[in-house]
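Heads up: the structure comes next, in structure tokens.
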Protein chains: 2
Amino acid sequence: MAGRRGAVLSIESTSVQDYVKAIYAFTEWQDAAVTASRLAARLSVANSSVTGMVAKLVDLGLAEHRKYGPISLTTSGRALALAMVRRHRLIETFLVTELGYGWDEVHDEAEQLEHTVSDAFVARLDAKLGRPPRDPHGDPIPAADGSVAYPPAYRLDGVDDGHAGRLVRVSDEDPGVLRFLDRHGIGLDAHLLVRHGAGSPVELLLGPSAPALPVDAALTRALWIGGSVPHEGCTLRNPL
Amino acid sequence: MAGRRGAVLSIESTSVQDYVKAIYAFTEWQDAAVTASRLAARLSVANSSVTGMVAKLVDLGLAEHRKYGPISLTTSGRALALAMVRRHRLIETFLVTELGYGWDEVHDEAEQLEHTVSDAFVARLDAKLGRPPRDPHGDPIPAADGSVAYPPAYRLDGVDDGHAGRLVRVSDEDPGVLRFLDRHGIGLDAHLLVRHGAGSPVELLLGPSAPALPVDAALTRALWIGGSVPHEGCTLRNPL
DNA sequence: GCGGTTTTTGAGGCACACCTAAAGATAAGG
DNA sequence: CCTTATCTTTAGGTGTGCCTCAAAAACCGC
């Protein structure tokens, strides 16, 4: 049943790791079934490549997949994904806090390194960094045992007018977003107040005296705020 | 002339980098012609693999090779080799000084990472470490411009009876050697006095009161001492 | 100039991941 | 229920990179 083809591929293949990570990522901040075409789009490969690769993941016991059905991870698949995510985020943290990278510069480097470093390296790095709970973009770093604590967070495009809160996470996929935030002095944990103009773009209020900052649609999909409370008037209170 | 076959291989291929590094390593601490069979032995591949790969290096302008002749690096080949050596040694230094690895544990990890990290990473790491002149095994770290300062050093099996000096470098190829030195409390820069018993193995004297330490042939090929002066009596003086 | 060693050539294999094109399954609407 | 548009799978094939074995060719010391 399992292993009907050669199945020489191992858990150490960077492709396998990338697929597993991509499947995991799909459900990390949203609840959507992972279909072959969605995976293909995310990984920039043809649909048929996904079919083939997923069959290998199934052989390796990492994924579950009924023909024409959605794709999901097994327990060990999830464990592998979490291990990769842990690596990625610890490495990003290291690059920023120890080597002085900007938070917009770390993604690609981490993407490479996560496949290369040993488990011992990860363990030592974690200790060196003081077991950080989250990475430079606010993403929680899974513990060595695979447990993760996700902070309550809402994507900006799902937040109603007048809510206030702290910037909990920023998607690291678009460096441009990160540089935009840098330009406006917005970092993790910044206090934000959300205002919807009538039909106009969402605006962020950064403080009582700061001017409103209009943000485009891409931004609202990249920013997540937490500790949200409805505001009264236009005064920022301490939302948390 | 150049590029007579497909030659799509690039300077980023880990194999290319390993071959170039291996060719460089041959002449780093000795003066021997690099023949195909020696390269094959060092890289654990068949002779014919070396012939093929060296042809690619020639196409890439990294190596020079007349049929049936010895193999040497071009200027850009040497530059690539030095860049790889720099990466390797900086990474080893990082692993030891920042992550607490033992000097016997870093070689393999560095061997992987050196192919993965970016130039920016190397530059930042170098700065973070304070531009160290040598790695944990005493090997000099090439500067970013490719310059290297080799300390005068003599391999122990070429040192006559009665010479004294500091431990300048230890080959990192055999972790067992490094652990042996650890067990006896010998680190880089340790003062050593060399004594040849009649027909018996070489002995090291570590200090006026310490007992002589017999070392086997493998050890004498892994240890390099510098600042060598003939000793008088059995008293250790400051050799440098 | 001969024999042993080294090197090169040639032919081939294998792992891995990808693609295109065509065929098959599914699901939504009429 | 059937049609149609969409998604997914199959089949066949490409390309890279590196390796092997076996045989032919060159080299070198005697």
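These numbers come from a predicted model, not from an experiment. In what follows, chains are A, B, ... by sequence order, proteins preceding strands, each numbered from 1.
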Give the nucleotide from the list [options] with an atom nearest to the side chain of [X].
X: A:Tyr19; options: C:dA25, C:dT8, C:dC18; value: C:dC18
X: B:Ser13; options: D:dC18, D:dT8, C:dT8; value: D:dC18
X: B:Tyr68; options: D:dT8, C:dT7, C:dA17; value: C:dT7

Closest non-hydrogen atoms of B:Leu188 and B:Val168, given as atom of the first, atom of the second and distance, are CD1-O, 3.9 Å

Expressed in angstrom and rounded to an integer, what is the separation of [X] atom [atom1] from [N] atom [atom2]?
X: B:Asp59; N: D:dG17; atom1: CG; atom2: P; value: 13 Å
X: A:Gln17; N: C:dA17; atom1: CD; atom2: C1'; value: 15 Å
X: A:His115; N: C:dA17; atom1: NE2; atom2: C1'; value: 14 Å
X: B:Ile71; N: C:dT7; atom1: CD1; atom2: P; value: 8 Å

What residues 38-49 of chain A contributes to the DNA chain C interface at heavy-atom separation below 4.0 Å is A:Val45, A:Ala46, A:Ser48, A:Ser49

With respect to the phosphate group of [N], does any side-chain polar atom (N or O) of [X] fall under 4.0 Å of OP1 or OP2?
X: B:Lys67; N: C:dT9; result: yes
X: A:Ser15; N: C:dC16; result: no
X: A:Ser37; N: D:dT8; result: yes
X: B:His65; N: C:dT8; result: yes

Problem - Interatomic spacing from CG in A:Leu90 to CD1 in A:Ile141 - rounded to 0.5 Å - result: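 Going from CG on A:Leu90 over to CD1 on A:Ile141, the span is 4.5 Å.
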
Report the residue from A:Glu111, A:Glu109, A:His137 that forms a side chain to side chain contact (heavy atoms under 4.5 Å, CB included) with A:Glu92.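 The single option meeting the side chain to side chain contact (heavy atoms under 4.5 Å, CB included) with A:Glu92 is A:His137.
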
Under a 4.0 Å N-O cut-off, is there an ion pair linking B:Asp126 with B:Arg87?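 No salt bridge links B:Asp126 with B:Arg87.
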
